[in-house]
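All values below were derived from every heavy atom in this structure, side-chain atoms included, with hydrogens, water molecules and symmetry-related copies excluded.
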Amino acid sequence: AMKHKLLPLLSLLAILFLTTGTALAAPIPQADNPGPPDHVVKLIFIHHSTGENWLTDGYGDLGRTLDQNNYFVSDTNYGWGPDAIGDRTDIPNWTEWFASDQTPTYLDALFNENGQHSSYTRSLPDPGGENQVVMFKSCFPNSELGGNPNDPPGDYEDMTVSGAKYVYNTILPTFAQHPDKLFVVITAPPLSDGTYAENARAFNDWLVNDWLRENNYTLNNVAVFDFYNILTDPNAHHRFVNGQVEHIAAGSNTLYYPSEDDHPSAEGSRKATEEFVPMLNVFYHRWMGNAPLQSPTEAAPPAGGESQRQPPAAQPVPSGLFDDLERGPLPGTSGWEGYFQDNTDTDINCSVDSSLAHGGVHSLQFDFDVTPDSWATCGFYFDSVQNWSAGQGVSFYLRADRAGIPFDVDLYGGSPGGRTTYVYSTETPAESVDGWALVEIPWGEILRAAWEENAGAPFDPTQVTGFSIGLSTPETERLNGTLWLDDLALLGQSAPPVVAPPPTENPPAGEPESTESAPRRLLPCGGALALPLGLVGLAFWQKRRRYGRW
């Protein structure tokens, strides 16, 4: 969090003046201004389908209304930007946008984008220069947050209250590094289903009321608009009225304005436009009251160092067992995560299971029901490159509910911001049905995927960025079943014995006290582009949703 070092000194001087009887003229507070800027301001909006509807003329009318208020609006959508970062707008993805090694690349593209990726009126001429206002929003499935309403910030990004708080705390320092930009958080819209509605309400109230205060954030270049609250009731508001900001909840935590599904209706979207644009003008004028003309100079590099950050060296993995599913998320990862193709009725669960284990008391359980001509994966992905060359390959123990299930073992190389896929294809053996089967795969048998450049090239174990179990289905066949994995290790390395922890009625350290697991599935926002199988390797690592608890 950023603090002004002069504040203690100024406070001391003020006390000295007052106690010595010196008269100081009290500053007159600047009244908030809901009027448009007096010149054209460039604005960029990161969104998916709900944001697209909100922008669209004749639906939410946001684009046209912003245009009438002197904002030159551009936007991103699916497929936009370096690494197709525009595909990924769930809450856990904001750390990739704003707190990763690729952040300078993404911000450069974002600040310089002037294209239009939705249908809205844009009558103003481009004034040139960079975008000054950055708005970003996640879609309605992000209101399905697990955990408990009062959970404190956690240690990693996740679709829970604590994980979401972690995300926003983590990205805030980047905003402090760009005081010449105004960052506007748009809260995710509510769901009609009330299962997690209390959690969503608590998290969004935290964003509006507590996020910046808890981080001692003193700049005026970050603001929050409660899109969620506005859509829960006709009498729920986040608006500027009678000379002040009004944030009023009306007792409901679910979507009052549905369309054919949980996309907000045109009526709800127009209500949001009516309340948001004057609020944006207030945010803008507050920011301009202390906005610098340009970003502060980048911090000087260490003596003899480069001005740009160098990629970290690959981290060696300890020999032997690297994940026995007993100790929480593998260091450097967010834990096991499941993904499947957008706009399908595929259903998966990727989670740690205590009903079956090879060693210890836990294994990974992967339940899947994959629609024809589609795909699903369950894996973990490293934040930095790992070196697994101490082993001759990978091994793990496998159980299955039946023999003959075709599946892929996927290893990922490259970098966390640009992974490439390597594949070993096999099927569940008969011995995996009634007992644990040992699967051993030498590096030489894990080859670069057919859809990647240099297809068939061998895997480089010094450049590991992830591991997953993958499924893909033919055009006319649905694939369902259950796989269990345990005791993943480097082939040829001695593994330490697995010691089962003593039984306990208390949850393991780091687990929520609630016996309810994190939400199993996050439905994609409607309008998502279905990924062709040729791009499935890229889609495997794009973080749309984490399933399971680690």
Side-chain angles (χ1 to χ4, degrees), residues 87-88 90-93 139 141-142 144-146 157-160 163 193 195-196 323 325 329 333-356 362-381 396 398-402 404-410 412 421 423 425-428 432 466-474 477-486 488 516-526 528 530-533 535-550:
D87 285 347
R88 304 183 290 285
D90 288 335
I91 289 173
N93 299 133
C139 207
N142 287 265
E144 188 180 311
L145 293 174
E157 61 266 22
D158 194 8
M159 285 299 298
T160 61
D193 180 3
T195 305
Y196 300 98
D323 196 358
L325 284 307
T333 76
S334 297
W336 289 86
E337 301 173 296
Y339 305 95
F340 61 88
Q341 186 174 355
D342 278 352
N343 293 335
T344 68
D345 62 350
T346 291
D347 194 8
I348 66 171
N349 173 60
C350 172
S351 61
V352 175
D353 174 51
S354 59
S355 66
L356 190 65
H362 293 111
S363 67
L364 176 81
Q365 181 175 334
F366 184 21
D367 300 308
F368 53 88
D369 182 9
V370 185
T371 192
D373 196 23
S374 188
W375 57 267
T377 64
C378 176
F380 56 81
Y381 310 92
F396 55 85
L398 174 72
R399 286 287 296 268
D401 63 352
R402 68 181 188 278
I405 300 175
F407 70 96
D408 295 332
V409 177
D410 300 307
Y412 302 94
T421 308
V423 180
S425 298
T426 186
E427 62 181 36
T428 55
S432 67
F467 172 97
S468 74
I469 299 298
L471 303 159
S472 58
T473 53
E477 182 180 342
R478 196 175 191 105
L479 184 63
N480 55 60
T482 303
L483 302 177
W484 292 265
L485 270 66
D486 203 355
L488 290 84
E516 183 179 14
S517 64
R520 179 178 53 81
R521 181 182 182 187
L522 178 67
L523 296 174
C525 260
L531 293 171
L533 290 180
L535 294 178
V536 70
L538 174 65
F540 282 172
W541 65 268
Q542 293 176 350
K543 290 190 174 181
R544 292 193 182 279
R545 176 69 170 93
R546 179 182 173 207
Y547 304 85
R549 294 203 251 170
W550 71 62

Problem - Polar side-chain atom of Thr473 near backbone of Leu479 as donor-acceptor pair, under 3.5 Å - result: no

Problem - Interatomic distance, Glu337 atom CD to Ser351 atom OG [nearest 0.5 angstrom] - result: 13.0 Å

Problem - Close side-chain approach of Leu483 to Leu364, heavy-atom, < 4.5 Å - result: no

Practice task
State which residue, out of Leu485, Thr482, Leu471, fulfils the side-chain contact (heavy atoms from CB on, under 4.5 Å) condition with Phe366.
Solution key: Leu471

Problem - Closest non-hydrogen atom pair, Thr377 against Gly470 - result: CG2-CA, 4.0 Å

Completion exercise
So CG of Asp408 and OG1 of Thr421: to nearest 0.5 Å the spacing works out to 10.5 Å

Exercise for the section: Apply side-chain contact (heavy atoms from CB on, under 4.5 Å) to Asp353 and list each qualifying residue two or more places apart in sequence or on a separate chain. Expected result: Ser355, Leu356, Ser363, Gln365, Trp484

Practice task
Please test Arg478 against Asp369 for side chain to side chain contact (heavy atoms under 4.5 Å, CB included), starting from the C-alpha separation and ending with a verdict.
Solution key: CA-CA 7 Å; Arg478 196 175 191 105; Asp369 182 9; 2.6 Å; yes

Completion exercise
Rounded to the nearest 0.5 angstrom, the OG1-CD distance for Thr371 and Gln341 is 9.0 Å

Problem - Which atom of Ser334 lies closest to which atom of Pro329, heavy atoms considered - result: C-CB, 4.3 Å

Exercise for the section: Test side chain to side chain contact (heavy atoms under 4.5 Å, CB included) on Phe467 and Asp410 and set out the steps. Expected result: CA-CA 6 Å; Phe467 172 97; Asp410 300 307; over 6 Å; no

Exercise for the section: For residues Trp336 and Cys378, report the shortest heavy-atom separation together with the two atoms involved. Expected result: CZ3-O, 3.8 Å

Practice task
Can you measure from OH (Tyr196) to OG1 (Thr160) and round to the nearest 0.5 angstrom?
Solution key: 11.5 Å

Exercise for the section: Would you check if the side chain of Ser354 reaches a backbone N or O of His362 as a donor-acceptor pair within less than 3.5 Å? Expected result: no

Practice task
For this output row, return yes or no: ring centroids of Phe368 and Phe407 closer than 6.0 angstrom.
Solution key: no

Practice task
Would you check if Ile469 and Val409 make a side-chain contact, meaning some heavy-atom pair closer than 4.5 Å?
Solution key: yes

Exercise for the section: Identify the heavy atoms of Asp401 and Gly481 that sit nearest to each other, and give their distance. Expected result: OD2-CA, 3.3 Å

Problem - From OG1 (Thr428) to CD1 (Ile405), nearest 0.5 Å - result: 4.5 Å

Practice task
Please assess Ser468 against Tyr381 for the test side chain to side chain contact (heavy atoms under 4.5 Å, CB included), listing each intermediate value before the final yes or no.
Solution key: CA-CA 8 Å; Ser468 74; Tyr381 310 92; 3.8 Å; yes

Completion exercise
Closest non-hydrogen contact found for Pro92 with Met159 is CD-SD, 3.6 Å

Completion exercise
Correct closest heavy-atom pair for Ala376 and Val370 would be CB-CG2, 3.9 Å

